[in-house]
Amino acid sequence: IDAGMDDYLTKPLSFESIAGVLDKYLPGSSDIKNSDSIDNEHAGHGRNAKHIIDSGEGYAASQADKLKVWNKEIMLARLEGDVELAKMVIECAINEWPKDILSLKELIETEGDIDAVRARGHQIKGAVANIGAEVMQDIAHRIELAEDFNTAKDLSQKLFEAYSILKETVLCDTDFR
C-alpha cells in the first residue's frame with residue numbers, strides 16, 4: 001500500500017472487473033468496458049445442486065439456491081463469447097478434474113498435512129471458478145477452510161458428486177457436444 005496500491009481484483013478475473021478498475025483510475029478508459037455486461041447474480045445455466053450443498057456452517061439455504069452447477073453465461077463472458085475456446089476449456093476441465101479430485105482424496109486419506117489439503121482445495125476452487133462451476137467452487141472453498149480431515153473427506157465426496165452433475169450438464173448442452 002505504501003507503494004501506491006489502492007485497489008485489488010479477485011480471481012477469477014473478468015474483462016468487466018478489469019475495465020472497472022481501469023475506469024476508476026485512468027482517465028478515458030471507459031472505452032475499454034464491454035457493452036454486453038452481465039448481471040452476475042442472476043445469470044445462470046443448468047440446474048442448481050442444493051442437494052449437494054447443505055446449509056451447514058456459514059451457508060444459508062438461500063445462498064445455495066443461487067449457485068449453479070454450471071454458469072455458462074459467466075464462462076462465455078470471461079471468454080468474450082468464444083464458444084470454440086469454451087469447448088476446449090470445458091473438454092480439458094472434464095478430463096483433468098477427476099485427477100485433481102483423486103489427488104485431493106489421496107491427501108485426505110493420508111491425514112498427513114491439512115494445510116496441503118486446504119491448498120489443493122484452493123487450487124481446485126480457482127480452476128472451477130474459471131468455467132462458472134459455482135457449486136464446485138463453493139465446495140472447494142469449504143475444503144480450503146476445513147478444520148479437520150473428516151470434514152474435508154465429506155466435502156471431497158460432495159465435490160465429486162458436483163463434478164459428475166457438471167459433466168452431465170455440459171454434455172447435455174447442445175452448444176458443447
Side-chain angles (χ1 to χ4, degrees), residues 8-20 34 36-83 85-105 117-146 151-177:
Y8 66 94
L9 294 170
T10 60
K11 294 186 288 184
L13 298 174
S14 69
F15 292 105
E16 290 84 10
S17 65
I18 294 168
N34 183 345
D36 298 52
S37 65
I38 289 185
D39 181 349
N40 290 346
E41 186 175 350
H42 297 99
H45 178 75
R47 58 187 187 241
N48 77 25
K50 185 178 176 188
H51 67 282
I52 295 173
I53 301 177
D54 57 24
S55 56
E57 194 174 320
Y59 290 87
S62 61
Q63 179 183 359
D65 284 338
K66 292 180 183 178
L67 297 177
K68 300 291 181 194
V69 170
W70 180 38
N71 197 325
K72 177 181 170 182
E73 289 80 10
I74 294 298
M75 183 194 68
L76 286 171
R78 286 190 182 115
L79 298 175
E80 294 187 312
D82 189 334
V83 175
L85 177 59
K87 285 180 184 179
M88 289 188 292
V89 170
I90 286 288
E91 182 180 351
C92 181
I94 294 294
N95 291 327
E96 292 300 316
W97 289 348
K99 297 172 197 169
D100 292 339
I101 295 169
L102 180 61
S103 173
L104 171 68
K105 286 183 174 188
V117 170
R118 291 180 188 135
R120 182 57 49 92
H122 178 79
Q123 177 258 323
I124 292 171
K125 179 182 77 174
V128 300
N130 285 321
I131 70 151
E134 295 174 347
V135 172
M136 289 182 71
Q137 181 181 357
D138 180 77
I139 296 167
H141 175 70
R142 292 165 63 188
I143 291 169
E144 185 180 16
L145 302 175
T151 301
K153 182 177 182 179
D154 292 344
L155 289 169
S156 71
Q157 182 58 39
K158 289 178 186 267
L159 186 65
F160 187 77
E161 290 173 35
Y163 163 78
S164 298
I165 294 169
L166 170 74
K167 181 177 178 181
E168 177 188 330
T169 302
V170 170
L171 293 177
C172 288
D173 189 293
T174 55
D175 291 336
F176 288 85
R177 286 188 189 161

The side chain to side chain donor-acceptor pair (under 3.5 Å) partners of S164 (sequence neighbours excluded) come to none
What distance do L159 atom CG and I101 atom CD1 have between them, rounded to the nearest 0.5 Å? 4.0 Å
Verdict with supporting geometry, I143 and L104, side chain to side chain contact (heavy atoms under 4.5 Å, CB included): CA-CA 10 Å; I143 291 169; L104 171 68; 3.6 Å; yes
Donor-acceptor under 3.5 Å (W70 side chain, I165 main chain): no
Ion pair check, K158 and D154, cut-off under 4.0 Å: no
Which residue, Q123, R120, H122, R118, forms the side chain to side chain donor-acceptor pair (under 3.5 Å) with E144? H122
Check side chain to side chain donor-acceptor pair (under 3.5 Å) between K167 and all other residues, then give those that pass, not counting sequence neighbours. none
Which atom of M136 lies closest to which atom of L166, heavy atoms considered: SD-CD2, 3.8 Å
Please list, chain by chain and in numerical order, all residues satisfying side chain to side chain donor-acceptor pair (under 3.5 Å) with D82, sequence neighbours excluded. none
The criterion is side chain to side chain donor-acceptor pair (under 3.5 Å); which residues satisfy it with E91, sequence neighbours excluded? none
By side chain to side chain contact (heavy atoms under 4.5 Å, CB included), Q157 pairs with (sequence neighbours left out) K105, E161
By side chain to side chain contact (heavy atoms under 4.5 Å, CB included), which residues pair with A127, not counting sequence neighbours? W97
